Amino acid sequence: MKYIIACLVFCSFGLMALSPPRPPRGVIETAVSNQHFTFKAETARPMEDVNMAVMNMFPNARDLYRIGEGNYTLQVTPDSLIVSLPYFGRSYTSLYGTTDIGIKFSSSKYTYQVSRPSKRNKPYEIQIKPLDRSDINRITVSVFDNGNATVYISSVYRNPISYQGTLVK
């Protein structure tokens with residue numbers, strides 16, 4: 001019995017050592033309110049076409065791409081928005097003269113709106129709209145207090161896609 005308890009205690013300390021450190025309280029709030037953060041994508045999930053409603057009957061049928069090894073980021077500063085993310089999904093127009101089909105652009109003109117529900121443990125909701133890009137409808141960033149974040153990109157010519165990852169400074 002003592003060995004079982006010792007193993008459980010040892011394993012719990014091992015799991016705590018493997019979990020990533022949480023950012024200090026207030027760092028996320030400061031980064032979001034100052035418009036100065038970098039989102040590092042770890043997974044990508046293409047959103048389905050409306051015509052593929054049959055896929056919703058199978059909850060694990062959606063594709064989840066692990067992209068954590070790459071350097072895929074969304075950087076927000078007060079004077080620029082730099083997006084370098086891969087794209088998996090359906091495009092409704094072809095991109096002539098390019099072999100890169102990711103979502104990659106830089107914008108110096110964009111709107112940035114932050115909202116935070118009054119309840120605790122609810123994420124910051126950031127709405128970003130590039131004003132000098134006609135192909136991107138909006139970028140929605142949901143940031144949690146522990147540094148985890150989800151980015152949802154809605155485009156005119158492509159199906160939407162979401163990314164999960166963390167905020168890094």
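Just so you know, these numbers use all the heavy atoms, side chains as well, and skip hydrogens, waters and symmetry mates. These numbers were taken from a predicted model, which means no experiment stands behind them.
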Check: Thr140 and Ile126 side chains under 4.5 Å, non-hydrogen atoms: no

Worked check of side chain to side chain contact (heavy atoms under 4.5 Å, CB included) between Met47 and Tyr152: CA-CA 10 Å; Met47 300 295 159; Tyr152 174 85; 4.2 Å; yes

Residue pair Asp132 / Ser107, side-chain donor-acceptor N/O under 3.5 Å: yes

Between CG on residue Leu74 and NZ on residue Lys40, distance to nearest 0.5 Å: 13.0 Å

Check: Asn146 side chain, Asn148 main-chain N or O, donor-acceptor pair, under 3.5 Å: yes

Exercise: identify the closest heavy-atom pair between Ala149 and Phe39: O-CE1, 3.5 Å

Geometric cation-pi criterion Arg45 and Tyr163, 6.0 Å radius, 45° cone: no

For Tyr87 against Asn159, the heavy-atom pair lying closest together: OH-O, 2.9 Å

OG1-CD1 distance between Thr38 and Ile82, expressed to the nearest 0.5 angstrom: 8.5 Å

Ser115 and Glu125: CA distance, side-chain angles, deciding distance, side-chain hydrogen bond (donor to acceptor under 3.5 Å, both in side chains) verdict: CA-CA 5 Å; Ser115 65; Glu125 293 291 331; over 6 Å; no

Tyr110 (side chain) donor-acceptor with Val76 (main chain) under 3.5 angstrom: no

Side-chain heavy-atom pair Ile103, Arg158 within 4.5 angstrom cut-off: yes

Separation between CZ of Arg133 and CG of Leu81, rounded to the nearest 0.5 Å: 10.0 Å

Validation row: Pro130, Phe105 side chains within 4.5 angstrom (heavy atoms): yes

Side chain to side chain contact (heavy atoms under 4.5 Å, CB included) assessment of Lys104 paired with Leu85: CA-CA 6 Å; Lys104 296 181 173 109; Leu85 295 168; over 6 Å; no

Side-chain (Ser155) to main-chain (Asp135) donor-acceptor, under 3.5 angstrom: yes

ILVMFWY cluster, Leu167 and Phe144 together (side-chain gap under 4.5 Å): no

Contact summary for Gly147 and Ile28, nearest pair of heavy atoms: CA-CD1, 3.8 Å

Side chain to side chain contact (heavy atoms under 4.5 Å, CB included) evaluation trace for Arg138 with Gln127: CA-CA 7 Å; Arg138 74 174 185 278; Gln127 298 290 329; 3.4 Å; yes

Euclidean distance, Ser33 OG relative to Tyr112 OH, rounded to 0.5 Å: 7.5 Å

Gap between atom CD of Gln75 and atom CZ of Phe37 - 0.5 Å precision: 10.5 Å

Distance-only side-chain donor-acceptor flag, Thr150 / Gln164, under 3.5 Å: no

Check ion pair Asp145-Arg116 (N to O, under 4.0 angstrom): yes

Flag, side chain of Ser80 to backbone of Thr77, donor-acceptor distance under 3.5 Å: no

Check: Lys129 side chain, Ile136 main-chain N or O, donor-acceptor pair, under 3.5 Å: yes

Value rounded to 0.5 Å, distance of OG in Ser142 from OH in Tyr124: 13.0 Å

Single-linkage hydrophobic cluster, 4.5 Å side-chain cutoff, Ile67 and Ile153 together: yes

